[in-house]
Amino acid sequence: MSVLLFVHVKAFSLLSFFSLPLWFSLIILCYFSFSPLCFSEEDPKKSSASQHASINVIFFGTLAKDFSRSVSQGDMVLLAGFTISKSPTEQTDRLHPCHLEMSGPDACLCVCSSTVSSSSGSSAHRNIYVPLNELKPRRIVNVYGVVTFFKQPFPTKGTDYCSTLKITDQSNAKVGCTIFSERLEDHPKIFRIGDVIRLHRVKTQMFNGSMTLLTSLGWSTVTFDGMLDSPVEPRTSSRTFHFDEADKRVVEALRQWASSQSLLASEPTVPLSSVQPKMYFDLTCQLLAKACMDSRCMLLKVWDGTKCEHPLINVTVAPDALEGEPTNSQDRENLTANILVYDNHVEVARTLKPGMFLRLYNLHAVPQRAPGQPHDVPCHLGFHLHGGTSYGRGLCSIPSDNPDLLTLKSQAEKLASEKEVNDGTLLEVWYTPPEAIGKGLKRNPRLTFFPFVYSGLTCGHTLQQRSLAHVKRCTPPAFHHVCAQVKSYKPQNLYQCLKLFCPQCTTIKEVPDDEFIAQVFQEALRGSCQPCSEHWAVTSSVDSIQLDRAITMHVSCDMVLENTQSQLLFLQGVTLDETCVISAAHKNVVPVRSEERRMRLLDLSAPFLFCERKRYYGCKQCSQSSFVEPEVSGVEVWDEHNVAKALGVQLMQYVLLLKFELEDETGTVEALLWEDAERFFHASSADIAASQEMQDKVQTIMDRLQPPGSSMAERPWLELCLIAYTVEEDGRTQVCYQITNTETREDLWARP
DNA sequence: GGTTAGGGTTCG
């Protein structure tokens with residue numbers, strides 16, 4: 001029987017099972033009408049959609065392996081050549097009574113990525129959502145709802161974290177949901193009551209006479225802000241998920257309904273200026289500093305830009321115990337709330353970094369009076385996040401573009417500008433002298449409210465900070481300290497900032513791309529058919545009929561007994577790709593060509609040396625045109641410097657070169673980041689050239705300094721040391737600026 | 001192949 005099935009991948013997992021090498025379970029949503037002989041006699045359109053809409057498919061062996069690599073949740077899949085068996089899990093998963101086995105010789109399939117299928121406008125695989133008042137027990141369902149109660153994920157006694165929430169919809173039914181996942185990032189990102197949540201493949205279950213929803217195999221979730229006019233942006237950690245116009249309409253309808261029900265009537269959180277003693281409240285704030293008090297208690301020093309009308313307690317800790325900037329001046333202004341976080345919340349608090357924006361739920365404002373303090377003295381407020389999760393007690397970090405942070409940001413800016421007007425200087429609020437900090441801190445202790453300063457000086461100068469206008473007025477050469485934002489930077493494609501620099505002749509050139517290098521290898525192949533023969537080398541050659549050429553390896557006689565990791569290997573008759581493969585197993589590979597049977601290096605436009613993933617280039621102008629015999633005696637360990645020397649090559653260095661347009665209130669300055677770029681990024685240029693991870697790190701830092709699509713107001717301030725100098729060009733003297741002795745902060749290196 | 005939790009103030 002020949003049956004084709006066109007299906008939509010709902011979930012899958014890769015498992016090893018008893019003696020089978022691999023088997024693959026896939027739960028899919030059928031939307032193509034299939035042969036009535038195979039399945040139920042019902043018209044699929046009439047059958048209960050939620051009951052038989054999904055079917056298990058099991059893959060075996062290499063098909064399972066290949067399929068798992070190419071498929072994503074939400075993809076459309078065409079299946080053929082399967083066998084149909086009775087599903088042993090029908091009673092438990094309530095899916096189709098049959099399952100499909102992709103095991104025979106005829107089993108084959110085609111995966112169409114979900115991006116393609118959704119762009120084709122197909123709506124046939126649309127999910128079915130059950131209104132909350134129509135849920136029946138023991139089903140796997142998809143639902144939408146508005147959150148009326150939630151707890152941040154907390155650890156269970158089992159293996160998972162648990163999120164507890166209650167949702168409702170236009171039917172007014174209220175349904176509790178329990179979400180289990182050992183990965184915190186998979187839990188729904190709920191920030192406030194009124195958020196809209198979508199749950200896929202959750203199990204209905206009666207508990208204490210009420211309907212509840214529980215995560216089941218292949219579940220997923222997406223959440224949305226519940227505000228009427230905010231953009232419908234899915235919050236999810238999922239790599240692939242389906243979201244279309246129909247979903248958007250559902251979210252908008254729920255928002256509309258929620259607003260009519262006043263589900264979002266109250267402000268999500270209370271500003272510090274409105275907090276009264278003994279209150280339990282939610283707080284939106286920025287973390288300034290934190291300190292570990294003991295194993296069950298952590299201090300968070302936060303602010304929200306408003307001033308509490310009651311005096312706040314100040315918890316002092318040793319400066320070296322404090323992570324983040326000291327808050328002395330804010331403390332004096334009654335702007336910092338000292339929050340003691342207890343027990344189960346310490347785990348989350350530990351992961352927080354100063355500068356992050358936070359939301360704390362069910363924070364307790366505790367009036368505290370020192371023993372013996374007279375009763376006419378106003379009591380001070382301290383804040384406790386008690387242990388436990390009652391009333392949703394907990395904390396989480398929130399993204400910096402959360403709309404509820406607008407007040408905090410505008411207050412912060414207002415406060416900063418007031419200070420500037422009143423004091424004529426920002427020194428008091430914006431700067432704490434280094435001697436007040438203690439010896440432990442290496443970086444500059446500059447203190448700001450918002451945005452956070454993302455870099456620090458290492459120059460040791462005690463220069464006063466200057467405006468950019470002042471810097472431009474001064475006569476070079478000179479050092480300056482400035483505080484500025486990044487208006488723009490070049491090159492925007494960061495791989496282009498990597499250059500090759502010859503320390504001998506100071507030439508700077510671009511790093512060639514693979515296409516160009518491959519051409520240089522091809523040219524060498526065309527010109528050298530005969531293996532070269534050198535008296536100092538042991539040569540072995542492999543003739544490949546398939547490749548129509550010989551690949552030849554040469555190793556210096558002196559090194560032939562050493563292991564391949566320490567040998568210097570000369571390779572002839574290879575392409576760039578082959579060189580890359582071979583250099584993965586050899587530490588030092590030098591591609592060579594033959595010129596009248598004599599060994600010659602390739603054109604120095606290509607790397608002369610491959611060391612695992614690193615490539616090294618020589619300077620065309622400063623290297624010897626040819627070598628007779630490499631100088632190998634006396635070399636203990638071969639590195640790029642020794643190899644270059646032995647071959648008479650002038651090694652070029654990898655350097656980073658960026659041009660920043662810096663801006664402060666007084667003007668803009670273009671400054672290069674070059675000689676101190678490695679220090680700035682905490683990464684060596686050679687490592688950046690060879691490692692995707694390091695390139696990502698640089699990109700992350702740049703994205704934090706100039707977040708894509710951000711306004712100037714949203715960008716962080718950088719404290720920078722600039723050197724001003726002159727260069728002669730075309731008989732004209734030009735003033736240049738370079739960023740020097742400046743490091744970005746460690747917390748920028750990790751992607752937020 | 002499917003535990004855990006199943007909202008309802010700590011006690012510092």
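Values below: every heavy atom of this structure, side chains too, minus hydrogens, waters and symmetry copies. Small disclaimer: the values here were computed from a predicted structure and weren't measured. Per chain, numbering begins at 1; letters A, B, ... match sequence-line order.
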**Prompt:** When we call it a touch if two heavy atoms are under 4.0 Å apart, what does A:L165 touch: a base, just sugar-phosphate, or nothing?
**Reply:** nothing
**Asked** Do A:R235 and A:D225 have side-chain heavy atoms sitting under 4.5 Å apart?
**Response** yes
**Request:** Look up atom CH2 in A:W257 and atom CD in A:Q170, then write down how far apart they are to the nearest 0.5 Å.
**Result:** 6.5 Å
**Position toward the 5' end of DNA chain B (nearest nucleotide), A:R296 or A:K157** = A:K157
**For atom CZ of A:R183 and atom C1' of B:dT4, their distance in whole Å** = 18 Å
**Complete:** Winner on side-chain proximity to A:T159, out of B:dG8, B:dG12, B:dT3, is B:dT3
**Message:** What contact category does A:G176 fall into here, base, sugar-phosphate, or nothing, at under 4.0 angstrom with non-hydrogen atoms?
**Reply:** nothing
**Message:** Just to be sure I understand the rule, does A:T156 reach a base, reach only the sugar-phosphate, or reach nothing, if contact means heavy atoms closer than 4.0 Å?
**Reply:** base
**Asked** For A:T148 and A:G387, take the nucleotide of DNA chain B holding the closest heavy atom to each; which residue's nucleotide lies nearer the 5' end?
**Response** A:T148
**Message:** At less than 4.0 Å, is any side-chain N or O atom of A:K151 found next to OP1 or OP2 of B:dG8? Yes or no.
**Reply:** yes
**Message:** As a test of the definition: with a 90° window around 0 for syn, would you call B:dG7 syn or anti?
**Reply:** anti
**Asked** Which listed nucleotide (B:dG12, B:dG6, B:dG8) is nearest to the side chain of A:T212?
**Response** B:dG6
**Request:** Starting at atom CE of A:M279, determine the distance to atom C1' of B:dT9, rounded to an integer number of angstrom.
**Result:** 14 Å
**Item:** Separation of atom NZ in A:K166 from atom P in B:dG8, rounded to whole Å
**Value:** 10 Å
**Prompt:** Quick one: which of B:dT3, B:dT9, B:dA5 gets closest to the side chain of A:D160?
**Reply:** B:dT3
**Length of the CZ-C1' vector between A:F154 and B:dA5, whole Å** = 6 Å
**Request:** Measure from NZ on A:K203 to C1' on B:dG6 and round the result to the nearest Å.
**Result:** 14 Å
**Item:** Candidates B:dA5, B:dT3, B:dT10 - which lies nearest the side chain of A:Y280
**Value:** B:dT10
**Item:** Any A:C379 side-chain heavy atom under 4.5 Å of A:H310 side chain
**Value:** no
**Asked** Contact class for A:N362 (heavy atom, under 4.0 Å): base, sugar-phosphate, or nothing?
**Response** base
**Item:** Beyond-backbone contact of A:R198 with A:V251, side-chain heavy atoms, under 4.5 angstrom
**Value:** no
**Request:** With C1' as the reference atom in both, quote the distance from B:dG6 to B:dT10 in angstrom, rounded to an integer.
**Result:** 22 Å
**Prompt:** Rounded to the nearest 0.5 Å, how far apart are CD of A:Q152 and CG of A:L395?
**Reply:** 8.0 Å
**Message:** Can a side-chain donor-acceptor contact be found between A:D304 and A:T306 if the only test is distance below 3.5 angstrom?
**Reply:** yes
**Prompt:** What's the CG-C1' distance between A:D343 and B:dG12, to the nearest Å?
**Reply:** 8 Å
**Request:** Could you give the distance separating B:dA5 and B:dG1 at their P atoms, to the nearest angstrom?
**Result:** 24 Å
**Request:** Return the value, rounded to whole Å, for the distance between atom CG of A:N344 and atom P of B:dA5.
**Result:** 13 Å
**Prompt:** Rounding to a whole Å, what distance do you find between A:I339:CD1 and B:dG12:C1'?
**Reply:** 15 Å
